[in-house]
Amino acid sequence: MSNITITTPLYYVNDKPHLGSIYTTIASDAYARFQRLNGNKVMFITGVDEHGQKIQRTAELNKTTPINHCNTISQKYKSLWEKWSISNDCFIRTTDPHHQKLVEQFFQRVQSKGDIRIGNQQGWYCVGCEEYKEESKDSSKPICPIHLKELEWRDEENLFFCLSNYQTQIENILQNPEFIQPKSRRNEIIKFVSKGLKDFSISRLNLEWGIPVPGFDGHTFYVWFDALLGYISALLPKGEEVDLDDINNFSWPPEIHIIGKDILRFHAVYWPAMLLSADLDLPRKVFGHGFLTREGQKMGKSLGNVLDPELLLNKYGEDAIRWYLLSDFRFGQDGDFQQKRFIDLVNNDLANTIGNLLNRTSSMSRKWFTNKVPDFTYDSNEEELKNLSNSTIIEVKGYLDNLCFKEACSSILNLASSANLYLNDNKPWTLIKEVKNIERVGFCLYNVLETIRIVAILINPLVPNLSKDILYQLSYNHNQINWNIDLEWGKLKKSSSLPKPSPILVKLEDE
RNA sequence: GUCAGUGUAGCUCAGCCGGUUAGAGCACAGCAUUCAUAACGCUGAGGUCGAGAGUUCAAGUCUCUCCACUGACACCA
């Protein structure tokens with residue numbers, strides 16, 4: 001048993017949650033549940049990032065104060081995660097007071113290390129965006145691609161973090177092939193780092209909505225510096241004095257940061273350097289997952305094709321969406337959300353393959369074994385399903401350990417299909433016509449029921465509610481499941497009662 | 001522009017160090033059928049493996065060229 005800390009990004013509260021955030025969070029949740037089921041002590045962190053210019057501007061647009069805006073959006077995230085059964089152990093807000101203390105303390109460490117300097121942030125600035133833009137390569141007059149207006153040159157005093165001091169150390173960290181996943185993203189980062197690291201600014205001037213930099217009037221911390229530290233604040237008890245020396249007693253460092261590919265560099269380069277500077281341990285792994293498109297198109301407000309997680313949940317239920325997102329997309333790659341495919345897959349996999357398997361087997365047992373799991377003394381060398389279950393368990397563990405959700409789902413589904421086939425081959429409904437076969441039928445049905453139980457336990461981290469429903473219908477205690485115990489073949493008690501089966505998933509209909 | 005990756009059945013993708021008639025799931029068509037949720041099962045149709053050239057006894061699998069798409073190339077949560 002070990003301590004495992006898992007993080008989602010701290011979502012920027014500029015806008016309400018979208019499908020991308022639920023995708024990351026569901027995957028993280030599945031991984032966290034998997035680790036718990038294996039008996040590990042898990043600290044699953046999620047939360048929100050609430051500072052910065054964009055927030056301030058959005059609040060102004062909505063004619064409210066930044067903190068009110070943050071309260072509203074943060075609450076949306078919080079309640080949405082509850083509705084989705086996200087099993088996070090804490091929820092950090094970067095406006096939490098103890099976070100501010102931690103940022104200050106962290107800054108002082110880095111500063112005393114000599115990794116902070118004053119410099120000037122220069123660049124082409126778009127007044128409309130209120131952002132620095134990358135200098136355009138080919139045109140001499142830089143133009144904002146959004147506002148199509150000329151950019152103006154700005155030169156602002158900022159504090160800089162001396163990332164360049166960590167060039168070789170970062171390169172060494174990247175030597176570890178496990179540190180950044182998937183591999184393609186790792187290559188990008190290595191390439192990026194090899195071109196030479198430049199210092200980056202960690203403060204802004206004249207931006208009110210941020211944490212003030214101690215000792216530098218008018219400076220507030222740039223959101224990234226602030227936000228990344230939320231992973232640490234999340235672990236510390238609220239309201240008490242913070243002490244960075246103690247964080248290893250609070251499940252630091254994380255086993256994994258699960259993030260979208262867009263923010264990989266911050267987590268895989270800037271963040272490790274910051275931690276090195278502060279003499280803190282590094283996360284063991286950073287996983288940059290892919291993005292989702294919808295029916296082949298990017299999702300965006302301008303296209304008006306965003307999928308609202310709340311609407312999805314109300315319409316289809318969490319299990320259906322969780323299964324689709326985890327089973328059809330390779331986690332490291334981009335995926336395309338297709339309505340028809342979603343409906344087809346969920347109905348096939350969950351309702352037909354798994355759900356109907358439960359239904360048909362339970363029905364037979366109830367019919368011929370007085371509403372119970374068969375009791376029998378039939379002796380046989382035949383261990384087809386037992387062996388397949390055991391090999392599936394090993395496979396699934398391996399896949400989930402590497403966040404290969406799709407492969408895990410497919411492996412589990414294969415087990416369920418095999419159980420369906422096993423029934424078709426053994427034909428208990430024919431055997432039972434001769435009374436002398438009752439023992440053999442009992443043996444056959446028990447094998448399938450037990451396989452269903454294994455299937456239910458294996459899908460538990462992926463679709464927890466569906467899993468519980470199946471276990472309930474098998475009269476198997478679904479509280480406190482532990483994979484080291486409950487995945488053992490033969491745990492289903494003979495003669496335990498079977499309730500009348502009911503569909504575990506109402507089939508979805510295409511609109 | 002530079003670098004990297006991808007391009008295989010209608011859709012999503014597997015195909016490791018090159019080796020018999022190119023695979024899976026879904027979709028589609030047919031058969032069978034009740035233990036079951038019109039489910040499960042079986043069969044079938046469907047691919048010039050992006051294009052062209054080359055290496056080889058043999059290439060989806062290696063090399064080169066071209067085409068298309070995607071990503072990275074420092075302040076985008």
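Everything numeric here is computed off the predicted structure, so don't read it as measured data. In what follows, chains are A, B, ... by sequence order, proteins preceding strands, each numbered from 1.
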P atom, B/A14 versus B/G25: distance in rounded Å? 16 Å

Could you tabulate the donor-acceptor pairs under 3.5 Å formed by side-chain atoms of residues 265-274 of chain A, not counting sequence neighbours?
from	atom 1	to	atom 2	distance (Å)
A/H267	ND1	A/I263	O	3.0
A/H267	NE2	A/Y231	OH	2.7
A/W271	NE1	A/H257	NE2	3.0

Taken to the nearest whole Å, CG/A/N347 to P/B/A38 is 12 Å

Atom-pair distance (CG on A/L197; P on B/C73), nearest Å: 13 Å

N-O pairing of A/E60 and A/R57 below 4.0 Å: no

Which whole-number value in Å describes the distance from A/N356 CG to B/A38 P? 8 Å

So, A/D319 versus A/N465: side-chain donor-acceptor pair below 3.5 Å or not? no

For the residue pair A/Y77 and A/W81, does the interplanar ring angle fall in the parallel (under 30°), tilted (30 to 60°) or perpendicular (over 60°) class? perpendicular

Per the under-4.0 Å heavy-atom filter, residues of residues 423-449 of chain A near RNA chain B come out as A/N424, A/W429

Closest to the 5' end of RNA chain B, once A/L345 and A/V223 are matched to their nearest nucleotides, is A/L345

Please report, rounded to the nearest Å, how far the P atom of B/A24 is from the CG atom of A/L415. 20 Å

Rounded distance in Å - CD (A/Q473) to C1' (B/U37): 12 Å

So which pairs with a foot in residues 412-431 of chain A pass ring pair (Phe, Tyr, Trp, His ring centres under 6.0 Å), sequence neighbours left out? none

Considering only heavy side-chain atoms of A/L421, the closest of B/G41, B/C73, B/U37 is B/G41

Given the P atoms of B/U34 and B/G15, what is the spacing between them in whole Å? 41 Å

Can you list, by residue number, the residues of residues 226-233 of chain A that have a non-hydrogen atom closer than 4.0 angstrom to RNA chain B? A/A227

Who pairs with A/F331 by ring-ring contact (aromatic ring centres under 6.0 Å, His included), at least two apart in sequence or on another chain? A/Y23, A/F287, A/H289, A/F405

Anything under 3.5 Å between a donor and an acceptor, one on a side chain of residues 185-193 of chain A, the other on a protein residue two or more places apart or in another chain? List them.
from	atom 1	to	atom 2	distance (Å)
A/R185	NH1	A/E188	OE1	3.4
A/R186	NE	A/L174	O	3.3
A/R186	NH2	A/L174	O	2.9
A/R186	NH2	A/Q175	O	3.3

Could you give the CG-to-P distance, from A/N348 to B/A24, as a whole number of Å? 16 Å

Taking the six-membered ring for Trp, are A/Y378 and A/F443 parallel (under 30°), tilted (30 to 60°) or perpendicular (over 60°)? tilted

Closest to the A/S363 side chain: B/C73, B/C76, B/A36? B/A36

Let me spell it out: for each of A/R185 and A/G355, pick the nucleotide of RNA chain B with the closest heavy atom. Which residue's pick is nearer the 5' end? A/G355

Do A/I354 and A/I470 have side chains that approach each other closer than 4.5 Å (heavy atoms only, starting at C-beta)? yes

Gap in Å between the two P atoms, one belonging to B/U21 and one to B/C40, rounded: 34 Å

Between B/A74, B/C35, B/A39, spot the one nearest the side chain of A/Y270, thanks. B/A74

Over all strands shown, is A/L357 touching base, sugar-phosphate only, or nothing at heavy-atom distances under 4.0 angstrom? nothing

Here the distance between atom C1' of B/A39 and atom CD1 of A/I354, to the nearest Å, is 14 Å

Say we look at B/U48 and B/G1: how far apart would their C1' atoms be, to the nearest angstrom? 35 Å

Mind checking what makes ring-ring contact (aromatic ring centres under 6.0 Å, His included) contact with A/F342, not counting sequence neighbours? A/Y316, A/Y324, A/F337

Would you please say whether a donor-acceptor pair under 3.5 Å links the side chains of A/E157 and A/H219? yes

Rounding to an integer number of Å, can you tell me how far A/N158 CG sits from B/A74 P? 18 Å

Mind checking what makes ring-ring contact (aromatic ring centres under 6.0 Å, His included) contact with A/W323, not counting sequence neighbours? none

Just by protein heavy atoms under 4.0 Å, how would nucleotides 3-17 of chain B read 5' to 3' in B, S and -? S-------BBSS---

For A/N352, give me all partners under side chain to side chain contact (heavy atoms under 4.5 Å, CB included), at least two apart in sequence or on another chain. A/N348, A/K507

Applying ring-ring contact (aromatic ring centres under 6.0 Å, His included), name anything that partners A/H99, two or more places apart in sequence or on another chain. none

Suppose you measure atom C1' in B/A58 against the same atom in B/A45; what distance do you get, rounded to whole Å? 30 Å

Pair assignment for RNA chain B - dot-bracket with | for other-strand partners, Watson-Crick or G-U under 3.5 Å: (((((((..((((.....[...)))).((((.........)))).....(((((..]....))))))))))))....

For A/R341, is there an ion pair with A/D336 - N to carboxylate O distance below 4.0 angstrom? no

What nucleotide, of B/C40, B/A74, B/A36, holds the atom closest to the side chain of A/N352? B/C40

Would you tell me if any nitrogen or oxygen in the side chain of A/N414 comes within less than 4.0 Å of OP1 or OP2 on B/A24? no

Take atom P in B/C17 and the same atom in B/U61, then report the distance between them in whole Å. 12 Å

In whole Å, measure the gap between the P atoms of B/G44 and B/C3 for me. 49 Å

Less than 3.5 Å apart, any donor N or O on the side chain of A/E50 or A/S74 sitting next to an acceptor on the other? yes

